[in-house]
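Remarks on the structure that follows.
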Amino acid sequence: MFEKLTIPNTIAAGPGPGNTDPRVLEQFFKAGLADHMHPDVLRGMKECKFMLRKVWGTSNIHTFGVAGTGWSGLDAMISAVKPGEKVVAFVNGTFSGIDALSLRMRAATEEELSSNPLDPDAKSVKVVDVSHGQSVDGKTIEKYISEHKPKWAFMAHYETGSGRVNDIKAFSDSCERHGALGLVDAVSSLGVGDFRIDDYPGVVAWASCPQKGISCLPLTYAPVSFSNKYIDVLKFGGARTFVHNPILEARHWAIIDGEDVDKGVYHRTHSAYAVAAFHEALRITLKEGISNRAAKYMKYEKVLSAAFRAMGCDVTSDMTSLVVLNLPENLSGREMEFVQQCRSENFGIWPTLSEPVQVRVGILNLLSDEAISEIINKFGAALKKLGGHFDDKLILREMTELSEK
Ligand SMILES: *Cc1c(COP(=O)(O)O)cnc(C)c1O
């Protein structure tokens with residue numbers, strides 16, 4: 001027999017998963033043993049759907065959760081894409097790169113897929129590579145969408161691989177202007193940035209995840225939202241999936257024939273624990289308010305970046321929940337060693353997952369002076385251990401300013 005599994009508590013100071021709110025955990029383990037058609041579970045799912053529409057600022061009826069993680073929601077989001085359909089996908093890091101791979105798998109013809117099943121070269125998909133550390137800007141978006149006039153266009157809102165925010169307004173505008181259906185990976189922006197879906201009519205489908213900005217548990221629910229335009233395309237053309245077909249999935253969330261109905265019907269077995277956790281995460285998010293939370297992320301990211309710069313690091317990101325940086329010159333090339341040293345002390349920072357190797361430090365659900373000070377202290381101590389030199393007084397000044405703000 002193996003011993004009982006013990007997993008330590010760490011500071012999740014990476015790009016995600018974030019630190020699950022203790023109130024969410026409590027709801028998870030306190031939920032009763034009820035099946036997926038119990039009236040209170042179904043009521044909880046309906047309430048989640050209503051709260052999610054508020055959190056995301058949308059009147060899209062097809063707004064609900066897909067069981068799983070971010071990729072599960074993203075898979076449902078691209079379910080309507082068919083072989084041979086024209087797609088333009090903007091890639092500026094690891095995650096949009098995987099999104100583009102998923103789109104190539106969907107849009108590849110039989111021949112294209114079977115000639116390279118794990119990495120098909122789909123002729124109908126134009127992948128626009130934007131270099132690491134840069135945002136996808138309005139000019140690039142307009143150029144490729146106007147040139148290719150695709151049926152679908154794709155972009156990540158926040159690219160967590162490089163910590164960059166992409167121009168969602170320009171993306172939505174270009175999609176509208178050229179009749180493209182916009183698909184957005186909002187895994188890292190929901191619950192972090194201050195935005196409303198209904199302000200971006202060019203985007204017809206959005207997908208996020210449970211364990212980043214909304215502080216829920218991984219493998220509960222990935223929020224998704226589809227406009228009627230997307231649902232019409234799906235109604236007409238179908239999708240080669242049962243479980244991730246948004247029209248079919250929506251039924252369990254009591255959305256049938258494009259309308260909210262009284263009671264959900266079976267699609268697959270949902271978990272009372274997952275529903276209870278998701279429900280609480282959304283309640284907490286709504287109570288705090290998206291704008292308030294976004295303002296806190298902005299404030300703390302500024303402090304954190306300033307402290308890292310004072311230690312000699314070069315910050316290359318512009319996301320508010322994540323700082324991506326190069327170590328000071330004398331430690332350049334030792335990023336992986338640095339990250340491993342921190343991680344071995346349960347200070348859970350991350351490297352970048354694709355070249356170049358950089359350090360990523362995140363603050364998901366770590367929005368307090370104490371938490372930010374702890375991150376700065378741990379980071380500084382680890383940097384000194386590796387041979388970093390910096391003036392503690394400068395850092396102290398950053399932190400004093402922080403507590404006075
Ligand atoms: C984290 C992330 C994903 C993947 O989400 P999982 O929850 O790991 O499946 C996809 N896209 C972006 C932008 C992300 O940040």
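Ligands are counted one by one from 1 in listed order, and the atoms in each one are counted from 1 as well. Keep in mind it's a predicted model, so treat the numbers as computed, not measured.
Of the listed residues (Ser72, Gly70, Ala186), the one carrying the non-hydrogen atom nearest atom 6 (P) of ligand 1 is Gly70.
Here the heavy atom of the protein found nearest to atom 9 (O) of ligand 1 is Thr69 OG1, 2.7 Å. Counting only heavy atoms of the protein, atom 11 (N) of ligand 1 lies nearest to Asp185 OD2, 2.7 Å.
For the pair Asp137 and Arg164, the salt-bridge criterion is not met [side-chain N within less than 4.0 Å of a carboxylate O]. Between Lys123 and Asp121, at least one side-chain nitrogen of the basic residue sits less than 4.0 Å from a carboxylate oxygen of the acidic one, meeting the salt-bridge criterion. Residues Glu288 and Arg293 are paired through a salt bridge, judged by an N-O separation under 4.0 Å between the basic side chain and the carboxylate.
Figure legend: Lys169 and Tyr200 shown without cation-pi pairing, the cationic atom not lying both under 6.0 angstrom from the six-membered ring centre and within 45 degrees of its axis.
Short contacts between ligand 1 and Thr160, defined as distances under 4.0 Å to a heavy atom of the residue, involve ligand atoms 12 (C), 13 (C), 14 (C), 15 (O). Taking every heavy atom of Ser188 and a limit of under 4.0 angstrom, the matching atoms of ligand 1 come to 15 (O). Each of the atoms 13 (C) of ligand 1 lies under 4.0 Å from some heavy atom of Tyr158. Annotation for ligand 1: atoms under 4.0 Å from non-hydrogen atoms of Gln211 are 6 (P), 7 (O).
For the pair Lys212 and ligand 1, a heavy-atom separation below 4.0 Å is found.
A distance of 14.5 Å separates CZ in Phe64 from CZ in Phe50, rounded to the nearest 0.5 Å.
A side-chain N or O of Thr58 and one of Asp198 form a donor-acceptor pair less than 3.5 Å apart.
Contacts of Glu159 with ligand 1, taken as heavy-atom pairs under 4.0 Å, are absent altogether. Residue contacts with ligand 1, taken as heavy atom pairs separated by less than 4.0 Å, involve Phe95 solely via side-chain atoms from C-beta onward.
A heavy-atom distance below 4.5 Å is not found between the side chains of Asn92 and His132.
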